[in-house]
Amino acid sequence: MSVGRGGVGAGGSIEGSALGENSRVANIHFHEAPAGPTAVVWPVEIGPVPALASAFQPRRELRERVEGARADGGTVVLTQVLSGGGGVGKTQLAAACASDAVAEGYDLVMWAAAAEAQQVITQYAQAAARVGIADGDPEADARRFLEWLATTSRRWLVVLDDVTDPAVLTSWWPASRTGSGWVLATTRLKDARMTGGGRTRIDIDVYTPEEAHAFVEARLAGEGMEHLLDAQVAELAAALGYLPLALSHAAAYMINEELTCTAYLALFTDHRTSLEEALPESADTEGYGRQITTTLLLSLEAAQAADTTGFATTALRLVALLDPAGHPHALWSTLPLLNCLAPEGTSPAQAHKTLRLLHRYALITCDTRAEPRAVRIHALTARAVREGIPEARLPELATAAADALMDIWPVPDHAHPELAAALRANTDALTGHAADGLWGSHGHPVLRHTGNSLSRAGLVVAALAHWQRFTADCERLLGHEHLETLAARSSLASAYADAGRVEKAVALAEWVLADCERLAGVKHPLTLAVRNNLATSYGKAGRRAAVVGLFERLVTDCERQFGGRHSHTLTARNNLATAYREVGRAVEAMGLQRRVIADSEALLGAEHPETLNARHNLASCYWRAGLVGEATELLKQVNADCERVLGAEHPETLSVRNDLAHSYWRAGLVEDAAGLLGQVVADRERLMGADHPATLTGRGNLAVALWEAGRREEAVTLLRRAVADLDRVLGRGHSDTVGARSTLARYEREFPGDH
């Protein structure tokens, strides 16, 4: 919701939701149930392995280094991290290794995109299905696949392509304890984290002069263009710096325009001065040098010459403003991009034809099989193109791209996690490239929409960073008292609360509420949203009495402003029911919560995240009222629905699972409770961070469960860590810290000794 347009966002319990778009977090995954088991047909190829480029060079010296590093690993898996800048051939070398493994009869060869953790998990789960060990839970299947790799005697190779963040793969690196498997990874990073755990980095450099010469000869011969070869091949390769990508562009240009090496080299040098002015060497952060940017523009000229529509330049500029890693092809069916290509509009088919033209000239990659990142561009190519965009056209192009992103963004986006991640990445790239081109009297809606998506996905660190940037931009461009600036600060306060920085969230929300009441009035929708978010932060800070009063007033205001069946009113009632529960008014809480569930199912649907949250809150009401059996059964149902609809790693799912563990505990099933709490703590530590308040309190609860289960030494050790962390993060006077320290003192009296 855009509070500036009069809305109040939806939320859930005091702990995890609020009124306003940014009050909810979600990391939602949808997976179809697997089909019945089928016999595995070996060998298995998963990926598939990319085809080798035309005139691919075997790069024997590099291959010998890879094989040598692999042999040194003995029976322990060795991951060669083929690192280096773009265009040097990392992926092609990995593809050659994978192709050889297929030819050599490996039982399993897997090619996995590794830019995001969810990509890797999804692909591992698919692999588990292919080898007949899947059970329908994607993350569990992914871990089952890792276990299979570790213990199988079958020969296997896993390629992790384009690792962009070492932290993403911390717990997802395959290993082989039998020595029958190995791993290759490609990355641009020169990061020490990539070489831990027995991994060896093989640095991939440019072609040798001999390889460059062989490439040009083979590429031209493959097209029947041997007559273009002449005595200037070596000089041409040297001028291009032996860079594989540059040589590929040059050869394609020569073939398309039927230019000899001498003619191409002359053309290359003719453009040197003007290209230095358009694309200075100081802008070349990746060290490509002048040669690759020159070759790029020569290829663009060839594409423009072959372009019968006149769309190629505009299309390439739009692609260059988006994420180099790719954007959905569906963008090119939206009216904003079609109208940008031609004032009177054009057809999606014509736009696709233009993309394929750019693809043929190696300026972009257009491959609809790679959705949601079907249209990609090399980062250096994109940078070179952006340098040539006239300043006056930048706002028009940026706005068209932003409008197109909004047009294809699913609402809600929880059923399309990979698409949502791609859209967020493209918005970030566009924001960085457009300068202030997405701002006028307001920021473009895609900026707020991206922040809301991050918050709903439970990406608390990324969401906080986004809202900090967005708020700073609002203050700089719109002023400190603009309503959008106030809305941005409210979103930032919610992000602080989600990240566990509750006191900062409360202080900021109180400040924003005072400004909203002064500037917009006490009945303005923005004021209502801010008041709701402040009440939510109060709840997280333990100020329960203040929460009840705020929510009672808010329900009355929402009923008057929006009506009794509006989603914002339902959210306010849901939060009020939670507030009643927290102060011991269980009967009122249950009655109001049942009403919310009925209205939410009628208005939003039985599987909407808000409906699931309301059912979770009712289970908590049962638990507080001593109805443990009813609470446990309802929590089991809600947990299953959350895992299916939201995903196993969504914050709401983790919260439900945590409460289910406590219900087991109260029912006397202490071992079951401890096992489930252990899973929740591990997941929260991995997803939210070791110092997030939910992780810290969960660790303390796990220690108590272990104690009750008779595992006293483990309990004392874990509780000591929990107390130290709570003391450091929340402070010695925080109620959670005080309670944990008191429990630890009692345990140490009953179980003396140094543990």
Ion pair present between K523 and D557, side-chain N to carboxylate O less than 4.0 angstrom?
-> no

Can you tell if the side chain of Y580 reaches within under 4.5 Å of the side chain of E552, non-hydrogen atoms only?
-> yes

Using the test ring pair (Phe, Tyr, Trp, His ring centres under 6.0 Å), find all partners of H482 that sit at least two apart in sequence or belong to another chain.
-> H442

Between W332 and H327, what is the ring plane arrangement, given parallel below 30°, perpendicular above 60°, and tilted in between?
-> tilted

Going by distance alone, is a donor N or O of one side chain under 3.5 Å from an acceptor N or O of the other, for S453 and R424?
-> yes

Could you pull out all residues at least two apart from D428 that satisfy salt bridge (charged side-chain N to carboxylate O under 4.0 Å, His left out)?
-> none

Mind checking whether L430 and L405 have side chains closer than 4.5 Å, heavy atoms only?
-> yes

Sequence neighbours excluded - side chain to side chain donor-acceptor pair (under 3.5 Å) pairs with any residue from residues 628-640 = none

Contacts of W409 that satisfy ring pair (Phe, Tyr, Trp, His ring centres under 6.0 Å) - sequence neighbours left out | H449

Which residues satisfy the salt bridge (charged side-chain N to carboxylate O under 4.0 Å, His left out) test with D659, sequence neighbours excluded?
-> none

Hey, do the aromatic rings of F470 and W439 have their centres closer than 6.0 Å?
-> yes

Would you mind reporting whether E601 and E610 have side-chain heavy atoms less than 4.5 Å apart?
-> no

Only counting residues at least two apart or in another chain, list the ones meeting ring pair (Phe, Tyr, Trp, His ring centres under 6.0 Å) with Y622.
-> none

